[in-house]
J.: 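Here's a structure for you.
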Amino acid sequence: MSGSAMQVRKMTGGCGAEITGIDVKRLSNSEWDGVRNAFAEHGVIFFRDQELTPEQHLDFARRWAPIDINRFFTAVDGYPEIAEVRKEKTQTKNIGGHWHTDHSYDQVPAMGSLLLARELPEEGGDTLFANMYRAYETLSDGLKNMLLGLRAVHSSRHVFGAGAAYKATDLKSAFKGEDQVGDAVHPVVIRHPLSGRPALFVNASFTTHFEGWSVEDSKPLLEHLYRHAARPEFTCRFRWAPGSLAFWDNRATWHLAVNDYQGERRLMHRITVAGCELQAAA
Ligand code: SIN
């Protein structure tokens with residue numbers, strides 16, 4: 001990258017890369033190419049000290065794809081395209097505290113989410129990511145082959161619907177759209193739209209069962225996959241500071257927001273950008 005101070009440094013052997021030496025508001029063409037390549041290669045990319053207004057956050061998001069507004073999250077005042085990921089001092093539950101990938105309950109799942117740190121607790125509130133290419137590649141050949149023939153049902157009903165998980169917690173006022181819940185069916189192993197590589201596409205928060213299998217029959221295999229995919233060697237952990245920005249690929253990673261800051265406030269702004277219908281790896 002001639003004339004640029006940009007550097008891409010892997011976070012761990014598992015996933016993720018931190019990009020330094022750039023300002024996402026003013027990227028040269030070669031920096032933009034480098035950022036896109038890093039996103040395709042590492043699944044999640046992190047930037048520090050990006051002082052972005054909501055408009056600048058939206059401008060950077062739109063460089064990737066049109067915005068896919070989340071219909072369940074409360075929006076930032078005056079910015080319907082920016083979702084608030086908020087935990088108040090008095091709340092005990094956090095948003096996204098279990099492994100998941102955003103919008104897998106949609107038939108066209110979002111490409112990714114750009115999360116910007118606005119207010120952070122003194123300590124804690126990190127986010128973990130896990131690599132779904134590695135999760136698939138490291139299964140035994142017999143299981144890999146069986147999974148290639150399966151599709152799974154994903155749903156938002158049990159999370160955002162009337163009487164569902166979040167509704168029973170002190171986070172209930174953070175969500176809306178309980179009449180807009182629905183289901184989607186995706187291949188269990190997808191051909192990743194950017195890299196062409198096979199990736200595991202089930203997650204503990206939204207996947208309910210394999211298509212044609214009962215929930216009960218699906219559970220043991222899904223739980224095995226969840227335990228496998230969350231192995232520490234496939235993960236990275238990001239420690240936020242004000243102005244930190246992460247952009248993750250929902251088709252290549254899972255994420256989990258660590259809830260270890262009781263009694264403190266954390267406020268993040270999330271913009272989710274549109275993806276495409278997912279194809280099976282084989
Ligand atoms: C999310 O699950 O989208 C939020 C992650 C976080 O707050 O760290």
Side-chain angles (χ1 to χ4, degrees), residues 11 15-16 18 39 43-48 50 52 57 61 64 67-76 79 81-89 91-106 109-132 154 156 158-160 164-166 169-171 174-177 202-207 226 229-230 235-262 264-275:
M11 294 283 288
C15 71
E18 183 159 338
F39 178 70
V44 51
I45 50 179
F46 305 101
F47 308 90
R48 298 277 181 195
Q50 303 295 319
L52 302 181
H57 189 190
W64 295 93
I67 291 164
D68 180 348
I69 298 179
N70 185 290
R71 57 192 182 280
F72 302 116
F73 281 50
T74 303
V76 172
Y79 297 94
E81 295 150 304
I82 308 181
E84 239 183 32
V85 179
R86 175 196 289 267
K87 183 179 176 222
E88 293 293 354
K89 284 180 181 179
Q91 291 174 312
T92 54
K93 175 121 176 106
N94 71 335
I95 295 177
H98 298 279
W99 284 116
H100 67 286
T101 189
D102 302 331
H103 294 212
S104 76
Y105 46 74
D106 287 340
M111 172 206 284
S113 303
L114 291 109
L115 191 68
L116 178 64
R118 292 290 184 197
E119 282 178 54
L120 293 164
E122 196 75 19
E123 269 130 30
D126 296 355
T127 307
L128 308 183
F129 295 86
N131 180 330
M132 293 303 112
H154 299 239
S156 50
H158 59 288
V159 181
F160 302 115
Y166 275 128
T169 72
D170 55 6
L171 273 184
F175 297 105
K176 58 192 170 82
V202 287
N203 69 88
S205 296
F206 299 121
T207 308
Y226 299 153
T235 69
C236 72
R237 180 176 187 132
F238 187 62
R239 171 162 288 198
W240 298 92
S244 300
L245 173 69
F247 182 39
W248 61 81
D249 186 328
N250 284 313
R251 296 85 45 99
T253 59
W254 285 348
H255 57 280
L256 179 159
V258 180
N259 190 10
D260 60 351
Y261 54 98
Q262 298 303 344
E264 292 194 71
R265 187 169 199 249
R266 180 177 183 268
L267 176 63
M268 316 291 276
H269 284 183
R270 195 181 89 181
I271 304 177
T272 301
V273 296

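One-based numbering, in listed order, for ligands and for the atoms of each.
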J.: Would you please name every residue forming a side chain to side chain contact (heavy atoms under 4.5 Å, CB included) with S104, sequence neighbours left out?
T.: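 Listed in chain order: T101, H154, F201, N203, F206.
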J.: Would you say the side chains of H269 and H57 form a donor-acceptor pair under 3.5 Å?
T.: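 No, H57 and H269 have no side-chain donor paired with an acceptor closer than 3.5 Å.
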J.: Assess the side chains of D102 and W248: does a donor N or O sit below 3.5 Å from an acceptor N or O?
T.: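 On atom types as modelled, these side chains qualify, holding a pair under 3.5 Å.
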J.: Just to be sure I understand the cut-off, which residues have at least one non-hydrogen atom under 4.0 angstrom from an atom of ligand 1?
T.: V85, G96, H100, D102, L115, T127, W248, H255, A257, R266, R270
J.: Check whether the side chains of N70 and H103 place a donor and an acceptor atom closer than 3.5 Å, and report yes or no.
T.: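 Distance-only check passes for N70 and H103.
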J.: Residues in salt bridge (charged side-chain N to carboxylate O under 4.0 Å, His left out) with R265, at least two apart?
T.: E88, E119
J.: Test of understanding: with side chain to side chain contact (heavy atoms under 4.5 Å, CB included), list the residues that count as partners of P242, not counting sequence neighbours.
T.: L120
